[in-house]
Amino acid sequence: MNSLLTTLGQRSKLAAQKLGQLTTVQKNNCLLQMATDLTTNTAIILAENRQDLSRAKENGISESMIDRLCLTDKRIQEMAEGIRQVAALPDPIGVVEKMWRTEDQLLIGQQRVPLGVIGIIFESRPNVTTDAASLCFKSGNAVILRGGKEAFYSNQLLVKLMQQTLRNNQLDPEMIQFVNDTSHATANELMQLDEYLDVLIPRGGAGLIQRVKNNATVPVIETGTGNNHIYVDSAAQLEMALKIVVNGKTQRPAVCNAVETLLVHEAVAAEFLPMVEQTLTPQHVALRGDALALSHLKQANLATEADWSTEFLDYILAVKVVATIDEAIEHINHYNSKHSEAIVTDSYHNGQKFLKEVDAAAVYINASTRFTDGFKFGLGAEIGISTQKLHARGPMGLEQLTSSKYIIYGDGQIRE
């Protein structure tokens with residue numbers, strides 16, 4: 001086993017024990033200072049980020065992926081605000097959710113406790129570093145962060161700044177740790193650090209998540225890729241639908257809650273699809289449609305079978321015309337990644353049918369899929385969007401980073 005990871009694991013285990021004893025006030029004060037220290041050091045963070053951007057451009061990374069990597073004054077302010085929101089949230093640790101008395105007159109309660117040590121493997125978005133660290137810290141978990149090589153300089157500095165804040169608050173800096181080796185071999189070993197990790201959370205593209213699922217011996221919470229759909233119903237307000245589609249595809253195409261496939265009811269396709277093309281073509285979005293969609297579009301290419309299941313993370317949108325809402329739902333449930341799905345409709349019946357029958361972590365009526373985000377859901381930051389059904393589903397905030405234990409009060413009972 002890699003001596004670096006063994007050392008990180010041992011130190012994290014000890015740090016988790018100390019972290020679990022902190023009061024809510026101690027944690028919140030430290031988080032607020034982290035947010036301040038982040039904005040105070042904006043200039044040096046941007047300087048390190050420029051190194052990452054320079055390397056990424058030299059390596060020919062796409063513009064949409066560059067956008068994921070890029071930090072700005074505004075994005076650093078948003079990262080700091082995410083930390084402040086985490087500080088403002090109720091602390092789940094120690095909360096007794098329910099209590100009951102048994103026939104043996106035992107008083108039993110269920111209490112929220114930290115998971116322990118969390119490992120997080122993620123790719124090119126530096127904001128994940130502060131989001132994950134702040135959520136883990138507030139929920140009483142030590143964290144080992146392993147980011148991708150694309151954001152190495154940014155991530156390394158962000159962790160150093162947070163560790164310095166911990167020191168300044170007389171806390172163990174090893175409550176937040178960073179793996180400075182970005183090799184695949186080290187990542188694979190982290191996936192098998194059973195002795196020290198209580199859970200592993202991958203956050204990135206389909207390749208990373210599949211590799212973690214295949215190789216991890218540590219329990220995994222799967223955060224998913226986002227092959228997301230918007231279905232424009234026959235009863236949709238088309239101007240509203242256009243705004244939602246444009247936002248879902250173009251605001252930040254390289255994130256997991258962007259839309260990848262547009263489904264349009266045949267009753268409105270002739271009117272709506274030219275509107276989509278006229279709006280998206282100037283924004284350099286390539287359309288790939290089925291045969292029916294192509295009959296209403298001038299510059300689209302014929303979609304392949306692979307397009308329906310692809311998370312493009314780019315200025316590409318697959319388009320399909322459907323005859324019924326049932327066809328739309330069937331298509332979504334067959335091809336989607338269980339992340340975020342939306343219907344645009346004024347039909348109460350169709351909206352409720354979509355909510356009930358679509359299998360995804362987040363299902364919308366008349367809103368953009370871009371809102372699937374812990375910050376926007378009022379959870380503060382987020383650790384990722386879980387697309388599995390065990391333990392946690394959807395944006396993972398503080399409560400999803402906890403477990404529970406039973407606490408039992410007696411007065412001398414023995415079992416007969």
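The figures here come from the full heavy-atom set of this structure, side chains too, leaving out hydrogens, waters and symmetry mates.
- Shown here are the side chain to side chain contact (heavy atoms under 4.5 Å, CB included) partners of V113, two or more places apart in sequence or in another chain: S403, K405.
- No side-chain heavy atom of N257 sits less than 4.5 Å from a side-chain heavy atom of I385.
- Judged by distance alone, with hydrogens and angles left aside, the side-chain atoms of N227 form a donor-acceptor pair with the main-chain N or O of W308 at under 3.5 Å.
- Residues A300 and L294 come closest through the heavy atom pair CB-CD2, 3.5 Å.
- Counting only heavy atoms from C-beta outward, the side chains of D131 and F122 never approach each other to under 4.5 Å.
- Under the side-chain contact (heavy atoms from CB on, under 4.5 Å) rule, E260 has a single partner from L313, L317, I316, N336, which is L313.
- Side chains of H339 and C256 form a contact here, defined as non-hydrogen atoms less than 4.5 Å apart.
- Contact check for I93 versus K27: side-chain heavy atoms found under the 4.5 Å cut-off.
- Proximity of E48 to Q51: side-chain heavy atoms (C-beta onward) are separated by under 4.5 Å at one or more points.
- Within the 4.5 Å cutoff, the side chain of F137 has heavy atoms near those of the L166 side chain.
- Here T182 contributes atom OG1 and H184 contributes atom NE2; the two are 8.5 Å apart, rounded to the nearest 0.5 Å.
- Separation of atoms CD1 (I408) and CE (M99) is listed at 9.0 Å; rounding is to 0.5 Å.
- Side-chain contact between E174 and L14: absent, with no pair of heavy atoms (C-beta onward) separated by less than 4.5 Å.
- For CD of Q26, the number of neighbouring non-hydrogen atoms (other residues, nucleotides, ligands) closer than 6.0 Å is greater than 12.
- Residue Y335 places its OH atom among more than 12 non-hydrogen atoms of other residues, nucleotides or ligands, all under 6.0 Å distant.
- In this structure K353 satisfies the side chain to side chain donor-acceptor pair (under 3.5 Å) test together with D326, E357, sequence neighbours excluded.
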